[in-house]
Amino acid sequence: MNDKTKGNVLVVLQFALVAAILLMASDEVNVPWIYVGGVLFIAPGIIILFFSIKQLGGSLTANPVPRDGGKLIETGLYKYVRHPIYTGLLLATLGSCVQSMAVVKFFFWFLLLALLIYKARFEEKLLAAKYSTYTDYMKRTGRFVPRLK
């Protein structure tokens with residue numbers, strides 16, 4: 001399987017897991033602090049997603065294979081985290097899990113986390129091959145959360 005096809009498979013799996021988490025029926029938990037707890041993950045997740053997508057501009061692609069003519073972005077959120085889109089997605093979907101407190105949603109969230117770790121490693125291998133400065137960038141920044149100095 002070539003890199004582009006592998007990337008497409010990973011993207012389809014990613015969207016399927018996100019859809020399962022967000023669309024899965026579950027009993028609503030009518031406890032205010034649980035609802036607020038979910039919002040405390042969802043809101044920053046959506047904000048991170050929005051700004052991460054905006055900062056990538058023309059280099060944005062769902063497929064982990066870097067675009068021809070794309071640029072390595074190391075500013076904005078990308079100054080601190082290599083994959084802020086994945087971070088935002090994980091936060092927002094975790095908030096959905098928290099709000100429902102459905103064990104099955106948490107199971108799908110852990111599958112999403114495992115998939116995004118795998119996808120990020122695959123993407124990083126391709127980015128390191130394309131951009132000579134990517135290895136140094138990896139040393140300075142965390143994958144999904146900022147590095148503590």
Side-chain angles (χ1 to χ4, degrees), residues 1-27 37-149:
M1 178 181 320
N2 68 32
D3 289 343
K4 192 78 166 173
T5 302
K6 181 177 179 179
N8 287 334
V9 169
L10 293 172
V11 169
V12 168
L13 291 172
Q14 173 186 323
F15 280 103
L17 288 170
V18 169
I21 293 166
L22 297 179
L23 301 175
M24 184 180 303
S26 63
D27 294 334
V39 171
L40 291 175
F41 288 106
I42 294 169
I46 291 171
I47 292 167
I48 291 169
L49 274 168
F50 174 79
F51 285 107
S52 301
I53 289 168
K54 186 175 181 187
Q55 289 169 353
L56 271 184
S59 296
L60 177 66
T61 176
N63 192 303
V65 176
R67 280 185 176 239
D68 292 335
K71 298 187 303 185
L72 178 61
I73 307 298
E74 296 182 50
T75 58
L77 293 172
Y78 292 88
K79 180 178 179 179
Y80 306 101
V81 179
R82 296 191 304 271
H83 302 280
I85 290 175
Y86 298 170
T87 301
L89 193 59
L90 288 167
L91 283 172
T93 54
L94 180 59
S96 176
C97 295
V98 167
Q99 285 186 332
S100 72
M101 294 305 289
V103 173
V104 70
K105 279 191 171 196
F106 283 103
F107 173 75
F108 280 102
W109 187 85
F110 280 106
L111 289 177
L112 177 64
L113 174 62
L115 177 76
L116 290 179
I117 290 170
Y118 180 82
K119 185 179 174 193
R121 287 180 179 160
F122 174 61
E123 185 173 358
E124 289 168 351
K125 181 185 87 172
L126 299 173
L127 289 166
K130 181 168 181 157
Y131 300 106
S132 61
T133 59
Y134 195 79
T135 303
D136 289 334
Y137 173 62
M138 287 175 67
K139 292 175 186 172
R140 293 190 312 271
T141 57
R143 179 175 285 144
F144 299 138
V145 296
R147 287 226 163 116
L148 299 176
K149 296 187 182 197

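The chain is numbered in sequence order, starting from 1.
- Among all heavy-atom pairs drawn from V98 and G37, the shortest one is CG1-C, 4.0 Å.
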Applying side-chain contact (heavy atoms from CB on, under 4.5 Å), run through L113 and I117 and close with a yes or a no. CA-CA 6 Å; L113 174 62; I117 290 170; 4.0 Å; yes
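- Rounded to the nearest 0.5 angstrom, L22 CG and F108 CZ are separated by 12.5 Å.
- The two atoms that bring A62 and F15 nearest to each other are CB-CE1, 4.4 Å, heavy atoms only.
- For K130, the NZ atom counts as densely surrounded, since its 6.0 Å shell holds more than 12 non-hydrogen atoms of other residues, nucleotides or ligands.
- Note: K139 NZ to Y134 OH = 13.5 Å, rounded to the nearest 0.5 Å.
- Looking only at side-chain heavy atoms (C-beta outward), P64 and V11 come within less than 4.5 Å of each other.
- Here CG of L116 is found 5.0 Å from CG of L90. Values are rounded to the nearest 0.5 Å.
- At a threshold of 4.5 Å between non-hydrogen side-chain atoms, the residues I42 and L91 do not count as touching.
- A donor-acceptor contact closer than 3.5 angstrom is absent between the side chains of T133 and D136.
- Rounded to the nearest 0.5 angstrom, R143 CZ and R121 CZ are separated by 5.0 Å.
- N63 places a side-chain heavy atom less than 4.5 Å from the side chain of N8.
- Taking all atoms of both residues into account, the shortest heavy-atom contact from P84 to I48 is O-CG2, 3.2 Å.
- Under the 4.5 Å side-chain criterion, counting only non-hydrogen atoms from C-beta, L60 is in contact with I85.
- Using a 4.5 Å heavy-atom threshold, the side chains of L127 and Y137 count as separate.
- Taking the ring axis of Y86 as reference, the NZ or CZ atom of K119 does not stay both within 45° of it and closer than 6.0 Å to the ring centre.
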T141 vs R147, test: side-chain contact (heavy atoms from CB on, under 4.5 Å). Steps then yes/no. CA-CA 6 Å; T141 57; R147 287 226 163 116; 5.7 Å; no
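- Applying the side chain to side chain donor-acceptor pair (under 3.5 Å) test to residues at least two apart or on different chains, the pairs with a partner in residues 105-117 are T93-W109, S96-K105.
- Note that the CG atom of L13 and the CG atom of L17 stand 6.5 Å from one another [nearest 0.5 Å].
- For Y131, the OH atom is densely surrounded, since the number of other residues' heavy atoms within 6.0 Å is greater than 12.
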Side-chain donor-acceptor pairs of residues 73-80 under 3.5 Å, sequence neighbours excluded:
{"unit_1": "E74", "atom_1": "OE1", "unit_2": "R140", "atom_2": "NH2", "d": "2.3"}
{"unit_1": "Y78", "atom_1": "OH", "unit_2": "S52", "atom_2": "O", "d": "3.2"}

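- Of the options L112, L115, L23, a side chain to side chain contact (heavy atoms under 4.5 Å, CB included) to V18 is made by L112 and by none of the others.
- The distance from atom CZ of F144 to atom CG of L89, rounded to the nearest 0.5 Å, is 10.0 Å.
- Taking E123 as the reference, nothing meets the salt bridge (Lys or Arg N to Asp or Glu O under 4.0 Å) condition, with sequence neighbours excluded.
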